[in-house]
Amino acid sequence: MSTEHLNFLEEIITEDLKNGKNNGRVLTRFPPEPNGYLHIGHSKSIVLNFGLAKKFGGKTNLRFDDTNPVTEDTEYVESIKEDIKWLGFEWENEFYASDYFEQIYEFAVTLIKKGLAYVDDSTAEEIAALKGTPTEPGKNSPFRDRSVEENLDLFARMRKGEFKDGEKTLRAKVDMASPNMLLRDPLMYRIKHVHHHRTGDKWCIYPMYDFAHGQSDSIENITHSICTLEFESHRPLYNWFIEQLGIFPSHQYEFARLNLNYTVMSKRKLLQLVNEKHVSGWDDPRMPTISALRRRGYTPESIRDFCERVGIARRENVIDVGLLEFCIREDLNKNATRRMAVLNPVKLIIDNYEEGKTEMLSGENNPEVEGGGGTRDIPFSKELWIEREDFMEEPPKKFFRLGPGLTVRLKHAYIVKCESYKKDAEGNVSEIHCIYYPESKSGSDTSDIKVKGTMHFVCAKNAVPVQVNLYDRLFSVENPQAEEGDFKTYMNPESLKVIENAYAEADMKNTKPGDKFQFIRLGYFCADKDSTSEKLIFNRTVTLKDSWSKEQKKA
RNA sequence: UGACCGAUGGUGUAACUGGCAACACGUUUGGUUUUGGUCCAAAAGAGUCCAGGUUCGAGCCCUGGUCGGUCAACCA
């Protein structure tokens, strides 16, 4: 631990603690807006906020930033809570910005009384026109100098519902000439006669982000309010409101959000994929959402590990999905039960094996666990299914699998030698005939035969038919939103391949949704949530590393 | 052409705060292996965006550039 490096936020907190700031108290918050499902980018923020608090003996609140009722919904609230819990975090309090509407309203009244806020009758267009540009200062609104009394009266009537949507706004009186656009008399309240998922029809005016977030932080006595880089220019305003109100000085710190290649992360785009049915839903295993990763077979441990590995800094970054895949492989390699399944079956017949006989072989559940993690029975008989890719009529030099005259071991079973093969009318290999060496039985091999390869198989007689969904990256380009035109035109047409007729070994009959396996030599798979005992469905979480395909590409 | 922020191997993050650029992923090579997985061993790969300056010494400090990001929603 002595060589452990602190990220810049840990350094700040360490320093704060040293200086006795906030009496050594650390309170962070995770503030999602309930207008979509959480994605892998949010998990970075979650791990950061909860992790920081935990590391420094503090707590973390969950606070829904629900100030815009038009896009928000309780469905999202529920999914967000589920995802955070699943990731393994517990919040100290469950709060909602809407809990504070009354208090935030009072804050606004306070600012009006101090002459620091005014009701503006301008339309959105007029406000925009007077806003100026980044290089030119803005101009004062003609309503900027209304009296305190008039502002108080108007604001009260806004609340009462006397005005239509957009007819009036409440704005902070800061500085229309500020080089920071956000300080050019930002909107504090707007009128929306919209039903709110929590406050119902109690309110028809809603505070804007800038007049809700910092205030909520302050109300909760948040010490370190951590957000992403794009809020950086909001910080002066964040501080301005807190200062003018004289309330608890929460502090905002920004870090660079997580970007992943071969996917999109904006909630707007994800919502579009869902609404336009490009995916089956928010938890379609190809999505970068937490619910999708869960359904695909990712574990909370692997996601937390990933979030820790990507680090925390203030520079833009794009993380290779390969790192995420590494994290889940590392976890599942240690923990996933090994089983055999054949995705693209072709029949293998052992000519010298007794007709009608079935013997039970034993296979360890996980070689990574001491003692092999127990064993299960694997039936073996004359007819087996093997992977079509494991046989070649004219095998190249380093092909350590089956082909005419070639010898391999069948995992947990016998060594077999290919004697001949048959083809169907279309010219596809339909039967591979082998002989087996009875004395080469796994565990008691006295044959002294050396083989280069080991293959998986499924006993045909006892095979369990299963559906397997092979997932690949959702997009075929690294950064879809940087490409020309609609990002959806860059979706990977092969992001999902459904295999209806795969076979799994007999032991897998009783698989339950969520069960995770390594299908030997193929990858990690997770029983889908829709999987039943009548119809088993497996999602491929991630393939195994495959140095053979690399070898092939070289040739 | 305003303000703010950023720039270190292919990617990401470090560098004890001014002392011979490290770790992880990835890549390559070899070994082990009844998973072409795992594991083990090794290698290649940046001289820190550029130009000046301060200093015995700069990735860290200063000046000026370059490039990238963010900001003109009644979104968050």
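By convention in this document, chain letters (A, B, ...) are assigned in the order of the sequence lines, proteins followed by strands, and residues within each chain are numbered from 1.
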Requested in this report: Using the six-membered ring wherever Trp is involved, compare the ring planes of A:F457 and A:F380 and label them parallel, tilted or perpendicular (cut-offs 30° and 60°).
Outcome: perpendicular
Query - Rounded C1' spacing from B:A21 to B:U48 in Å - result: 8 Å
**Report entry** Residues in side chain to side chain donor-acceptor pair (under 3.5 Å) contact with A:N61, at least two apart in sequence or another chain
**Finding:** A:E220
Query raised in the report: Is there a donor and acceptor pair closer than 3.5 Å between the side chain of A:R338 and the base of B:U38?
Result: no
Report task. Report which part of the nucleic acid A:P367 touches: base, sugar-phosphate, or nothing (heavy-atom distance under 4.0 Å, all strands). Result -> base
**Report entry** Any A:R401 side-chain nitrogen or oxygen under 4.0 Å from OP1 or OP2 of B:G36
**Finding:** no
Query - Between B:G65 and B:G57 - P atom distance, rounded Å - result: 26 Å
Report task. Considering only atom P, compute the distance from B:A42 to B:G19 and round it to an integer number of Å. Result -> 29 Å
**Report entry** Candidates A:I12, A:I312, A:T14 - the one meeting side-chain contact (heavy atoms from CB on, under 4.5 Å) with A:L6
**Finding:** A:T14
Between the protein and nucleotides 41-43 of chain B, are there any N/O to N/O pairs under 3.5 Å, and if so, what are the atom names and distances?
none

Query raised in the report: Of all the nucleotides listed (B:G36, B:U38, B:U8), which has the minimum atom distance to the side chain of A:N333?
Result: B:U38
Report task. Consider only side-chain N and O atoms of A:Y503 and A:E505, and report whether a donor and an acceptor are under 3.5 Å apart. Result -> no
Could you list, one pair per line, each protein nitrogen or oxygen that sits under 3.5 Å from a nitrogen or oxygen of nucleotides 64-72 of chain B, together with the distance?
residue, atom, partner, partner atom, Å
B:G69, O2', A:E316, OE2, 3.3

Report task. Describe the nucleic acid contact of A:S122 in one word from base, sugar-phosphate, nothing, applying a heavy-atom distance below 4.0 Å. Result -> base
Report summary line: ring pair (Phe, Tyr, Trp, His ring centres under 6.0 Å) filter on A:F155, not counting sequence neighbours, yields A:Y105, A:Y189
Query raised in the report: Any salt bridge between A:R257 and A:E230, counting N to O under 4.0 Å?
Result: yes
Query raised in the report: Reckon A:E551 touches a base, only the sugar-phosphate, or nothing at all at heavy-atom distances under 4.0 Å?
Result: nothing
Query raised in the report: Is A:V318 touching bases, backbone alone, or none of the nucleic acid, heavy atoms closer than 4.0 Å?
Result: sugar-phosphate
Report task. Check side-chain contact (heavy atoms from CB on, under 4.5 Å) between A:S549 and all other residues, then give those that pass, not counting sequence neighbours. Result -> A:D546, A:Q552
Report task. Verify the contact: side-chain N or O of A:R235 to OP1 or OP2 of B:C5, cut-off strictly under 4.0 Å; return yes or no. Result -> no
Requested in this report: With heavy atoms under 4.0 Å as the rule, sort A:M455 into base, sugar-phosphate or nothing.
Outcome: nothing
Query raised in the report: Cut-off 3.5 Å, side chains only: do A:E232 and A:Y253 have a donor facing an acceptor?
Result: no
Report task. Kindly state which residues belonging to residues 154-178 of chain A come within less than 4.0 angstrom of RNA chain B, counting heavy atoms of the residue only, listed by number. Result -> A:G166, A:T169
Report summary line: Every stem of 3 or more Watson-Crick or G-U pairs under 3.5 Å that RNA chain B joins, in order of first number, is B:2-7 with B:66-71, B:10-13 with B:22-25, B:27-31 with B:39-43, B:49-53 with B:61-65
Requested in this report: Tell me what A:T123 touches on the nucleic acid: a base, only sugar-phosphate, or nothing, going by heavy atoms under 4.0 Å.
Outcome: base
Requested in this report: Could you work out the separation of B:G10 and B:C74 based on their C1' atoms and round it to a whole Å?
Outcome: 45 Å
Query raised in the report: Are a donor atom and an acceptor atom from the side chains of A:E483 and A:Q481 found within less than 3.5 Å of each other?
Result: no
**Report entry** Distance in angstrom units between A:Q518 CD and B:G37 P, rounded
**Finding:** 11 Å
Query raised in the report: How should the glycosidic conformation of B:G47 be described, syn or anti, under the criterion that syn lies within 90° of 0?
Result: syn
Query raised in the report: Taking the side chain of A:N317 as heavy atoms from C-beta outward, which of B:G12, B:U8, B:C75 is closest to it?
Result: B:G12
Query raised in the report: Angle class for the A:Y37/A:Y76 ring planes (parallel below 30°, perpendicular above 60°, tilted otherwise)?
Result: perpendicular
Requested in this report: Do nucleotides 15-33 of chain B as a string where each nucleotide becomes B, S or -: B if the base has a protein heavy atom under 4.0 Å, S if just the sugar-phosphate does, - if no protein is that close.
Outcome: --B------SSSSSS----
Query raised in the report: Looking at residues at least two apart in the chain, or sitting in another chain, which of them share a salt bridge (charged side-chain N to carboxylate O under 4.0 Å, His left out) with A:D185?
Result: A:R144
Query - Presence of A:R190 side-chain N/O under 4.0 Å of B:C75 phosphate oxygens OP1/OP2 - result: yes
Query raised in the report: If you measure only the distance, is there a donor-acceptor pair under 3.5 Å linking the side chains of A:Y238 and A:Q252?
Result: no
Query - Pair of N/O donor and acceptor under 3.5 Å linking B:U34 base with A:R409 side chain - result: yes
Query - Separation of the C1' atoms in B:C71 and B:G64, to the nearest angstrom - result: 25 Å
Report task. Please determine, by modelled atom types, if A:R29 and A:S225 share a side-chain donor-acceptor pair under 3.5 angstrom. Result -> yes
Query raised in the report: Within the structure shown, what part of the strands sits under 4.0 Å from A:A313 by heavy-atom distance: base, sugar-phosphate, or nothing?
Result: sugar-phosphate
Query raised in the report: B:U34: syn or anti, with syn meaning chi within 90° of zero?
Result: anti
Query raised in the report: Would you say the side chain of A:E33 lies within less than 4.5 Å of the side chain of A:N68, judging by non-hydrogen atoms?
Result: yes
Query raised in the report: Within the structure shown, what part of the strands sits under 4.0 Å from A:D546 by heavy-atom distance: base, sugar-phosphate, or nothing?
Result: sugar-phosphate
Query raised in the report: What integer number of Å spans the C1' atoms of B:A44 and B:U27?
Result: 8 Å
Requested in this report: Mind telling me whether A:F241 and A:F211 have parallel, tilted or perpendicular rings, with 30° and 60° as the class edges?
Outcome: perpendicular
Requested in this report: Looking at every strand, decide which applies to A:H456 at a 4.0 Å heavy-atom threshold: base, sugar-phosphate, or nothing.
Outcome: nothing
**Report entry** N/O donor-acceptor pair, side chain A:S442 with base B:U34, under 3.5 angstrom
**Finding:** yes
Report task. Give A:I415 one of three labels, base, sugar-phosphate or nothing, depending on what nucleic acid heavy atoms sit under 4.0 Å from its own. Result -> nothing
**Report entry** Whole-angstrom distance between B:A3 and B:G47, as gauged at atom C1'
**Finding:** 34 Å
Query raised in the report: Can you find a side-chain donor-acceptor pair between A:H197 and A:D73 that sits under 3.5 Å?
Result: no
Query raised in the report: Think A:T71 has a side-chain N or O under 4.0 angstrom from the OP1 or OP2 of B:A76?
Result: no
Query raised in the report: Of all residues at least two apart in sequence or in a different chain, which pass the ring pair (Phe, Tyr, Trp, His ring centres under 6.0 Å) check with A:Y118?
Result: none
Requested in this report: Take atom C1' in B:C40 and the same atom in B:A7, then report the distance between them in whole Å.
Outcome: 37 Å
Ignoring hydrogens and angles, write down the donor-acceptor pairs under 3.5 Å from the side chains of residues 335-342 of chain A, residues two or more places apart or on other chains.
residue, atom, partner, partner atom, Å
A:N335, ND2, A:D331, O, 3.1
A:N335, ND2, A:D331, OD1, 2.6
A:R338, NH1, A:N333, O, 2.9
A:R338, NH1, A:A336, O, 2.8
A:R338, NH1, A:N366, OD1, 3.1
A:R338, NH2, A:N333, O, 3.0
A:R338, NH2, A:N333, OD1, 2.8
A:R339, NE, A:D507, OD2, 2.9
A:R339, NH1, A:N365, OD1, 2.8
A:R339, NH2, A:N365, OD1, 3.4
A:R339, NH2, A:D507, OD2, 3.0

Distance-only donor-acceptor pairs under 3.5 Å for side chains of residues 447-454 of chain A, two or more places apart:
residue, atom, partner, partner atom, Å
A:S447, OG, A:D445, OD1, 2.7
A:S447, OG, A:I449, N, 3.2

Report task. Verify the stacking flag for A:Y209 against B:A76: centroid separation must be under 5.5 angstrom and the ring planes must differ by under 30 degrees. Result -> no
